[in-house]
Amino acid sequence: MSEATFGEYGGQYVPEALMPALAELEDAYERYVRNNEEGFMHEFRERMADFGGRPTPLQRADRLSERYDREIYLKREDLLHGGAHKLNNALGQVLLAKYMGKERIIAETGAGQHGTATAMAAAHLDMPCEIYMGRTDVNRQRPNVYRMRMNGAEVTPVEAGRGTLKEAINATMRDWATTVENTHYVIGSVVGPHPFPTMVRDFQSVIGREARDQIREKAGRLPDSVLACAGGGSNTMGSFHAFVPDSVEQRSAKDSSGQRPRDGVSLYAVEAGGSSLEIDEEEGLAPNSATLSTGTDGVLHGAMTKLLQSTDGQIMESHSVSAGLDYAGVGPELSHLVAEGRVTPASVGDDAALEAFHRLSRLEGIIPALESAHALGYLERVAGPDAGEYDVEADLGDLVVVTVSGRGDKDLETVLEETEKRDIEAAPDVEVFGQ
Amino acid sequence: MSEATFGEYGGQYVPEALMPALAELEDAYERYVRNNEEGFMHEFRERMADFGGRPTPLQRADRLSERYDREIYLKREDLLHGGAHKLNNALGQVLLAKYMGKERIIAETGAGQHGTATAMAAAHLDMPCEIYMGRTDVNRQRPNVYRMRMNGAEVTPVEAGRGTLKEAINATMRDWATTVENTHYVIGSVVGPHPFPTMVRDFQSVIGREARDQIREKAGRLPDSVLACAGGGSNTMGSFHAFVPDSVEQRSAKDSSGQRPRDGVSLYAVEAGGSSLEIDEEEGLAPNSATLSTGTDGVLHGAMTKLLQSTDGQIMESHSVSAGLDYAGVGPELSHLVAEGRVTPASVGDDAALEAFHRLSRLEGIIPALESAHALGYLERVAGPDAGEYDVEADLGDLVVVTVSGRGDKDLETVLEETEKRDIEAAPDVEVFGQ
Amino acid sequence: MNAGTDSEIERTIRENHPALIAYITAGDPSLEETREYVEALDRGGADLIELGLPFSEPIAEGPTIQAAINRSLEAGTTPGAFFDLVAGLETEAPLLVMTYYNMILQHGPDADPEPFVSRAAEAGLAGIIVPDLPAEESGPLRKACEAHGLDLVFIVAPTTDDERLDSIMERTAGFAYVQARLGTTGARADVSGATHDSLARLDEYPIPKAVGFGVSEGDHAAEIVSAGADGVIVGSALVDLIAESEDPVAALESKARELKAGAERGVPEPEQP
Amino acid sequence: MNAGTDSEIERTIRENHPALIAYITAGDPSLEETREYVEALDRGGADLIELGLPFSEPIAEGPTIQAAINRSLEAGTTPGAFFDLVAGLETEAPLLVMTYYNMILQHGPDADPEPFVSRAAEAGLAGIIVPDLPAEESGPLRKACEAHGLDLVFIVAPTTDDERLDSIMERTAGFAYVQARLGTTGARADVSGATHDSLARLDEYPIPKAVGFGVSEGDHAAEIVSAGADGVIVGSALVDLIAESEDPVAALESKARELKAGAERGVPEPEQP
Ligand SMILES: Cc1ncc(COP(=O)(O)O)c(C=O)c1O
Ligand SMILES: Cc1ncc(COP(=O)(O)O)c(C=O)c1O
């Protein structure tokens, strides 16, 4: 069986009623995903190719390479069906639910990316689907709500609390606790109780597997570093998993042909720094979601991991200009890899992410998701022309892969609004033309 | 040199000032595109793969296949970078302009799809870019305006006339007539003066080339028919070009192994039937853009082709619920192929397109562009459960390829609005959840 | 049955069989009022009282208790103040704390449950219920509870299979919390069929069983007890009274009486020897 | 120079050298008013008058003439009414029609230009200018024009290379329309350098050259004629007067006078023999 924990992180902190479902899921995961019973993985890969559009390209970013004076390659998950890496996981889980004989799919969503991916996968595989979404998110992410509805999913607004992702997860867990016998809960990131973090990572790991092959093909060697944004961490773990063994230690044990990277492949998980890394204990507010950098150990949504929490243990309201990173927890495996030193946590604030959004749009003709813009913002902080001004030191090396986890069409309104409030370098004049 | 005409259609009906630019373009097209000088085609294909996401999948549509009791495959141009087939052409032309030493790109856009594709390509290739867009379109297609701006393009609203695509083309031609020496005009479809129709077709023909290989790989034979929506016709010609030689006549001359389709590959160009195929001469209004089905020969925007025009020769205002099909002309090669009988023109009205939009979203988890929904609507009219009710006869055969030319994210608002006005089968309840 | 247990909770259930276990959320709407409500429940005949220590992500609760938790958090309830309240309470009924695992981990440094348990023992609590802590993950907390003489109560769900049942029943202390139905807490209008099945499955285990999730009326209590339960657990129905009644103190006391009477009605007539 | 041409237009230019060619859009704001404006231009000394037959897609026009065309189309101008107007005009200056090729194709069935030319000849028009018809595509129309004795005037652009120049100059009839600068029609404040270059290139061809695109003042006319042109073509400046002047008839007449006088000022003093 797969390990339920990653060092001290992970586990299964859920109500007893769900434990048998987790056991059943673990069993199905072992059989279908790990041992490819009934050709599950074959079908999954074929559907990800034909329906999802895999493989996604690894593209050399000419102008970023120039700007940062090193080779920058972009892993283009923005080209996946639905517009983000989320489908890798959603399709995997919905297909698995089908193999398990489940009759209904539920999922939570924050910004709506995981919800739309799940709704698409459920429509594709003809499964009834219900998506829980906080009231605030329903109101501010209308287009995604409509997309889900058009794919035939029910969208259920969650009125509790501040009506965002955290509350949506709680509501989905409650639904699951009631309907667990015929329903599968498609968790949207590498979070939640075992086996979710492992399984979601496996479904997402195609990102890094492809990127690893592609960079060797294109650049003739492994990269010096890989950068990916981290919310719950599915994009991060998906991007990193294939590279985790390429560490300094493990690689220096191998032969030292020119094929290997300088010092192993460094892995940078870039979180949302929001407006500040300080926490407002009084208000229960963390104006960021830099869990790996600033969080403390605790249990949330079924797993022991790093959290943004008060000293009493109440979970903080997190914040980021990018809704998809706006979560107070993070995947337990990522917490572990950071604790071990294999993954370096980093964070980039709202302003730098907005700048990076505009920069990539303008220089490369790719409008990235605001989430992905965080990883690009880190590149600028470390290697940009004004890098000296920031207190960020990182040795990214000469060959860098950045995962563009999604496209930014969904973010246009937010970006316009937020850009107008600030003085953002690289932003175009987005005056609304007179009527 | 390439032929300037297709039978009686095509030609170069432009102001004298532009003729030398057309000659220069023709020369560049011959050298770079047809003869791959300086490795142009190699670079083009590589960029289309890495930046654009080619090849796009050919996906078996399981539930449509069931519904229509035949094998339905979807060519997934909706997965291309930018969300539509438009990039195939835009990137080709911007790259060609670069090889030609041009310093500036201009383009027209209606709904904004070609404009965004061109802006993306220009950003990617570091070329200054200006997009002309009718005032009405600017006002109703804000998100696309913002996308272009974010990619660094200027967007110039055209105040003339009704402020739609026709006027935008006129304005771009005027700019070009002034700046022709250093500027390339990236025409957005297989229209305009020679060599545009031929060149744009060649850039788009990758759609059909891939689809032809993919269907042989997946189904073991050529399809019985290929369906594609037609506005200007770049998606149509791109989808059909590789199949044009697979006609009954030409194929029956070959050996009759089981590999060939029943009777050659039938090609259906599906235009927008709008609200009616009747024309209002008085108002100068055609409430459709079914040019191939109802148009007459004439000269528009540089070419002799089929047009929607009054008996005096004034061009009609066309109409379709789908902005990308809303054009009173059509590519001259398509006019020719229809005249020759190789391509069958068909049309599908607004309602049927909206239905098909919802049907694909719900059954397959793919939200198509409203343009593409027209091709899918034709499938329903011919082969759907209520096919008997419509006066549409077509022998599509057992193996059908439909090109999904783009994704429908851009159409959500229109679809919501238009769906609410009508009684559309397959539409979900899209009530706006209370605040 | 073995009456010689050193568990105060188990002893209490046996001595007051069939037992009424009452839940309310501490700090809803204030800790001061909680004190009065606890005393009212005690007077009304509750044999054990569970106090919810509010956590921001109450994934096992239905809307009623979610709302109570929100009210409590908004009132500023902290673990420190909670323990102070508990330490000052003098009820006949032993008290348990019901909270989520993260609250327990954060009471001291290093995500260690021991400081919480130590403080709970000091405040006089007799047991702990943690809805998001299944048997598998309970090692550290159980160890601390054993060290401090507190009962860690586990929940048995309708989905719990026989294999897991053994391990839960082996570990649970004080009583087994039998979840009456799938889903979250919340008052229901009937008794679930699953309750009967669960109680039948548990018959062989010597530890007392108390049924919760959805119990709201005396008649439910009667039915549950007659199906073999040693106690009934009532939460949402009491929380509703706190939120809606004009005189919650009186309402709680009389509701406790009704429930306790119901439970007693359910006791089967002793068979003739 | 060869004065023995059978082209009325060419003869008119030679006889009135340097010639003023005036353009207005027919039907702007109504055909009735167009009649008065044509007569005014004729009185003012225009040697040739071009009438624009409006087409919905005037890709070669700048904003001024675009607007005029829109006004005309909104007033309901049709080719039939246009020809009726022309047939009734009695001006000293020969008349030309300027329109787009599709208008010519649609006058009869089967996209054939002949019916249009035949009707134009019947109405007394002397020539046709088609801004979107380059020499290469002009075969059918030229044939019809020759058959009906109309001049088909071609445009020479600043971008026209020497190779194409020959073929244009070979085909153009009446005069060569020399496009003064790149771009669309529209009044400008100066004379483009391109004009001088173009005229120099055309020197060797015997047919008269008239310069248009941007000419708006007498001084421009003078400069152009002194650079070797046989005539100047003025359009947008006149259309502006129609749109803006309080008395367009008087304004047009006096503007024509100014332009004609300007052109004449440009004629080089005859060299001393
Ligand atoms: C484009 C994109 N990137 C990243 C994320 C963050 O999620 P995760 O960290 O699980 O990849 C999201 C979440 O919605 C997303 O939409
Ligand atoms: C998705 C899509 N399909 C089709 C079209 C129609 O254009 P064409 O006929 O040139 O393919 C458009 C034009 O914008 C489009 O966006």
Side-chain angles (χ1 to χ4, degrees), chain B residues 4-5 8-24 158-162 166-167 169-183 192-194 282 284 296-317 328-329, chain D residues 53-63 66-67 69-70 73-74 76-82 99-113 116 130-138 154-161 163-165 168 177 179 181-186 213:
Chain B
T5 54
E8 59 200 310
Y9 299 106
Q12 299 184 306
Y13 298 86
V14 296
E16 169 60 23
L18 294 178
M19 290 299 288
L22 294 180
E24 186 190 348
V158 178
E159 309 288 346
R162 306 230 312 204
K166 216 158 52 78
E167 289 81 16
I169 297 182
N170 297 345
T172 319
M173 289 240 176
R174 291 185 190 110
D175 178 318
W176 204 32
T178 314
T179 59
V180 59
E181 287 159 316
N182 74 348
T183 296
H194 176 74
E282 189 100 349
T296 53
D297 293 355
V299 165
L300 175 64
H301 295 143
M304 171 80 74
T305 188
K306 293 246 176 246
L307 303 179
L308 299 178
Q309 57 184 336
S310 72
T311 47
D312 279 348
Q314 306 296 355
I315 306 305
M316 295 275 176
E317 291 291 339
Chain D
L53 170 62
F55 175 52
S56 55
E57 319 302 317
I59 59 170
E61 319 300 345
Q66 279 178 57
I69 287 174
N70 280 347
L73 287 173
E74 265 159 39
T77 307
T78 62
F82 168 78
T99 194
Y100 288 77
Y101 195 45
N102 196 51
M103 296 303 294
I104 293 172
L105 289 178
Q106 305 307 325
H107 199 65
D110 301 327
D112 173 5
F116 183 94
V130 190
D132 64 343
L133 189 72
E136 285 81 346
E137 304 288 358
S138 64
F154 285 95
I155 296 172
V156 176
T159 49
T160 305
D161 59 23
E163 203 178 317
R164 305 194 73 253
L165 196 57
I168 293 171
Y177 188 133
Q179 182 179 331
R181 64 183 82 221
L182 283 180
T184 51
T185 56
F213 274 54

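First the proteins, then the strands, lettered A, B, ... as listed; each starts at 1. All values below were derived from every heavy atom in this structure, side-chain atoms included, with hydrogens, water molecules and symmetry-related copies excluded.
Considering CG of D:L73 and CG of B:D312, their distance stands at 10.0 Å, rounded to 0.5 Å. Note that the OH atom of B:Y13 and the CD1 atom of D:I59 stand 13.0 Å from one another [nearest 0.5 Å]. How far CD of D:E137 is from CE of B:M304: 8.0 Å, rounded to the nearest 0.5 Å.
Here the closest heavy-atom approach between residue D:G183 and residue B:T178 is recorded as CA-OG1, 3.1 Å. Of all heavy-atom pairs between B:A160 and D:Q66, the closest is CB-OE1, 3.7 Å. For the pair D:N70 and B:G161, the tightest heavy-atom approach, listed with the atom from each and the gap, is ND2-N, 4.3 Å. Here the closest heavy-atom approach between residue D:S56 and residue B:I315 is recorded as OG-N, 2.9 Å. Contact detail for D:F55 and B:G313: the closest heavy-atom pair is CE1-O, 3.1 Å.
Contact annotation for D:L133: both backbone and side-chain heavy atoms come within less than 4.5 Å of a heavy atom of chain B. There is no contact between D:I104 and chain B, counting heavy-atom distances below 4.5 Å. Heavy atoms closer than 4.5 Å to chain B are found in both the backbone and the side chain of D:E57. Only the backbone of D:P131 comes within less than 4.5 Å of a heavy atom of chain B; no side-chain atom from C-beta onward does. Contacts of B:L300 with chain D are made by side-chain atoms alone, with heavy-atom separations under 4.5 Å and no backbone atom involved. Proximity to chain B is absent for every atom of D:P63, based on heavy atoms less than 4.5 angstrom apart.
Most heavy-atom pairs under 4.5 Å with chain B, from the set D:P54, D:P58, D:A60, D:A111: that is D:P58. Interface check for chain B: of the options D:P79, D:P158, D:P109, the most heavy-atom pairs under 4.5 Å are formed by D:P79. The greatest number of non-hydrogen atom pairs below 4.5 Å with chain B, out of D:Q179, D:E136, D:R164, is found for D:R164. With chain D as partner, the option from B:E167, B:M173, B:Q314, B:Q12 having the largest number of non-hydrogen pairs under 4.5 angstrom is B:Q314.
With sequence neighbours excluded, the residues that form a side-chain hydrogen bond (donor to acceptor under 3.5 Å, both in side chains) with D:N102 are B:Q309, D:Q106. Partners of D:R181 by side-chain contact (heavy atoms from CB on, under 4.5 Å), not counting sequence neighbours, listed by chain and number: D:R188, D:D190, D:S192.
Shown here is D:D110, whose CG atom has no more than 12 heavy atoms of other residues, nucleotides or ligands within 6.0 Å.
When side chains are defined from C-beta on, B:P15 does not count as touching D:I155, because their heavy atoms never get closer than 4.5 Å.
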Quiz item: Please walk me through it: do D:T159 and B:E181 pass side chain to side chain donor-acceptor pair (under 3.5 Å)?
Solution: CA-CA 8 Å; D:T159 49; B:E181 287 159 316; over 6 Å; no

